[in-house]
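A short write-up of the structure that comes next.
Just the heavy atoms: all of them, side chains too, but no hydrogens, waters or symmetry mates, feed the values below.
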Amino acid sequence: TSWGNIEADNTVTHWVRKDGTIPEELQSFADFLWTNERLLRPTTPDNDVAVVCSIPTLLWENAPQWDRSPERHLDAFRGVCTLLREARIPYDVVIFGHTRLYDDASHLEKLSDYDSIVLPGVTSIADRQVAALRDATDDDGTVITSTTVPDRDESYRPQTREWLTDDAVTNLTGNPGLVRTRENRTTGSLVDTIAGSAGITLDGASEVAVNRLRTADPETLQVHLINYAYDSATDSIGSVEDLTMSIPDSSIAFDPVAATYIAPDMRTDVDIKKTGDTVSITIPQLDEW
């Protein structure tokens, strides 16, 4: 609801109507964030998958003299994010910058933290980005490309990088992200390739997305849930009741002893159930988030 050049704390000024009131939905959301700020501020993403958005690729795709396909990378990026959301595989977005446009040092430094790094339709890539990807594979990470491997540097000069074709890199020739966006069709190749990542199972809810965060003191795991079950006929989100959420025990860095469910109109302790290698809780009711 804001603009990129406005600080998050000032966003609320865009929500105020001429009569000084704020839409009820936005007020409820703001109250929820402010009430739970102490839980949200110190968190660290806890996701095993990174999806790359490449500024050089976006730049040269939209230069007509290069005869590239406009929006191909952006459509592939959107499709990959949709496929991961539908599979309940949490992910982070990592930006590959351009020397003269955006400093991506902080993004490249954390690449080795991920098990899988997806390059959806990325064609232009700088040497420093290749080096960061190689470091990630040396730490047992997997790089996934789609259709073709990047064949240009950030200035659109042709490059031959044999490393991008070796065993550390998986090339999905069918470009599942682009297929998902442009054809509204799903192939299993992407999810199958990263099946080892810590997905979250939600029984009885097909349109709920998840994201993971953690805190160190106290040691906690946060799972954020967003309900995409929108009904255009009624302009409403359908509620889900008694939703069972299961998380692989191996993806939790500690032994969980307590769980709390927090929503705008509800805060309640919930029981933890451990079955085999899975930890489960039951969420009483999920509306929008």
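The hydrophobic clustering, which links ILVMFWY residues whose side-chain heavy atoms are closer than 4.5 Å, places Y102 and Y156 together. One hydrophobic cluster, built from ILVMFWY side chains closer than 4.5 Å, cannot hold both I226 and I281; they sit in different ones. Linking ILVMFWY residues whenever their side-chain heavy atoms come closer than 4.5 Å, directly or via other members, places V93 and V191 in the same cluster. Grouping the Ile, Leu, Val, Met, Phe, Trp and Tyr side chains by contacts below 4.5 angstrom, directly or via other members, places L243 with I272. Hydrophobic clustering (side-chain heavy atoms under 4.5 Å, transitive across Ile, Leu, Val, Met, Phe, Trp, Tyr) groups W289 together with L33.
Side-chain atoms of E288 never come within 3.5 Å of backbone atoms of F29 as a donor-acceptor pair (strictly under, hydrogens ignored). Side chain of H224 to main chain of V210: no donor-acceptor pair is present (N/O by atom type, distance under 3.5 Å, no hydrogens or angles). Looking at H98, its side chain does come within 3.5 Å of a backbone N or O of E154 through a donor-acceptor pair. Of the possible donor and acceptor atoms, one in the side chain of Y261 sits under 3.5 Å from a partner among the backbone N and O of Q285. A distance-only check finds a donor-acceptor pair linking the side chain of T57 to the backbone of T123 [under 3.5 Å]. Between the T21 side chain and the R17 main chain, no donor and acceptor come within less than 3.5 Å of each other. The backbone N or O of G238 lies less than 3.5 Å from a partner atom in the side chain of N227, making a donor-acceptor pair. Within the 3.5 Å criterion, the main-chain N or O of G97 finds a donor-acceptor partner in the side chain of Q129.
When all heavy atoms are compared, the tightest approach of S124 to D153 is CB-O, 3.5 Å. What you find for Y114 and I117 is that their closest heavy atoms are CB-CG1, 4.2 Å. In plain terms, the two heavy atoms of P90 and V49 that are nearest each other are O-CB, 3.8 Å. The shortest heavy-atom contact between M266 and P284 is SD-CG, 3.4 Å. Contact detail for P218 and T215: the closest heavy-atom pair is O-OG1, 2.6 Å. Of all the heavy atoms in S54 and H73, the pair that sits closest is N-NE2, 2.9 Å.
From S28, atom OG reaches atom CD1 of I22 across 12.0 Å, with rounding to the nearest 0.5 Å. Taking CG of D265 as the start and CZ of F32 as the end, the distance is 9.5 Å to the nearest 0.5 Å. Put simply, CG on D277 and OG on S251 are 10.0 Å apart, with the number rounded to the nearest 0.5 Å. Note that CD1 of I283 and CD of E241 are 12.5 Å apart. Values are rounded to the nearest 0.5 Å. For the atom pair I194 CD1 and T170 OG1, the distance stands at 11.0 Å (nearest 0.5 Å). Once rounded to the nearest 0.5 Å, the distance linking CG of D31 with CG of L26 reads 11.0 Å.
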### Message
The test is side chain to side chain contact (heavy atoms under 4.5 Å, CB included); show your working for I144 and V80 and say whether it passes.
### Response
CA-CA 11 Å; I144 302 169; V80 163; over 6 Å; no

### Task
Please report the C-alpha distance between F254 and L221 in whole Å, then the side-chain angles of each, then the deciding distance to 0.1 Å, and finally whether the side chain to side chain contact (heavy atoms under 4.5 Å, CB included) criterion is met.
CA-CA 9 Å; F254 56 91; L221 171 65; 4.1 Å; yes

### Query
R212 and D48: salt bridge (Lys or Arg N to Asp or Glu O under 4.0 Å), yes or no, with the steps?
CA-CA 10 Å; R212 293 169 52 119; D48 295 329; over 6 Å; no

### Message
Determine whether R72 and R182 satisfy the following criterion, side chain to side chain contact (heavy atoms under 4.5 Å, CB included), listing intermediate values before the conclusion.
### Response
CA-CA 10 Å; R72 186 178 181 88; R182 295 189 176 180; 4.1 Å; yes

### Task
Test side chain to side chain contact (heavy atoms under 4.5 Å, CB included) on L213 and D46 and set out the steps.
CA-CA 5 Å; L213 301 104; D46 190 44; 5.5 Å; no

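Evaluated for a side chain to side chain contact (heavy atoms under 4.5 Å, CB included) with P176, the options L178, L172, V179 yield exactly one hit, L172.
S280 places none of its side-chain heavy atoms less than 4.5 Å from the side chain of M245. The closest side-chain heavy-atom distance from F77 to V52 is not below 4.5 Å. The shortest side-chain heavy-atom distance between L133 and I125 falls under the 4.5 Å cut-off. Residues L119 and V169 are not in side-chain contact: their nearest non-hydrogen atoms beyond the backbone lie 4.5 Å or more apart. Side chains of R180 and L190 form no contact here, defined as non-hydrogen atoms less than 4.5 Å apart. Looking only at side-chain heavy atoms (C-beta outward), T82 and T181 stay at 4.5 Å or farther from each other. Here the side chains of V223 and L225 are in contact, with some heavy-atom distance below 4.5 Å. Within the 4.5 Å cutoff, no side-chain heavy atoms of K274 are placed close to those of D249.
By the 4.5 Å side-chain criterion applied to Ile, Leu, Val, Met, Phe, Trp and Tyr, Y230 is assigned to a cluster that also includes I237.
Around the CG atom of D138, the shell of radius 6.0 Å holds more than 12 heavy atoms that belong to other residues, nucleotides or ligands. When the shell of 6.0 Å around CD of E24 is examined, it contains 12 or fewer heavy atoms from other residues, nucleotides or ligands. Dense packing is recorded around NZ of K110, with more than 12 heavy atoms of other residues, nucleotides or ligands lying under 6.0 Å away.
N211 and N47 form a side-chain donor-acceptor contact under 3.5 Å, judged by distance and modelled atom types alone.
Here T137 pairs with R134, V143, W163, A168 under the side-chain contact (heavy atoms from CB on, under 4.5 Å) rule; sequence neighbours left out.
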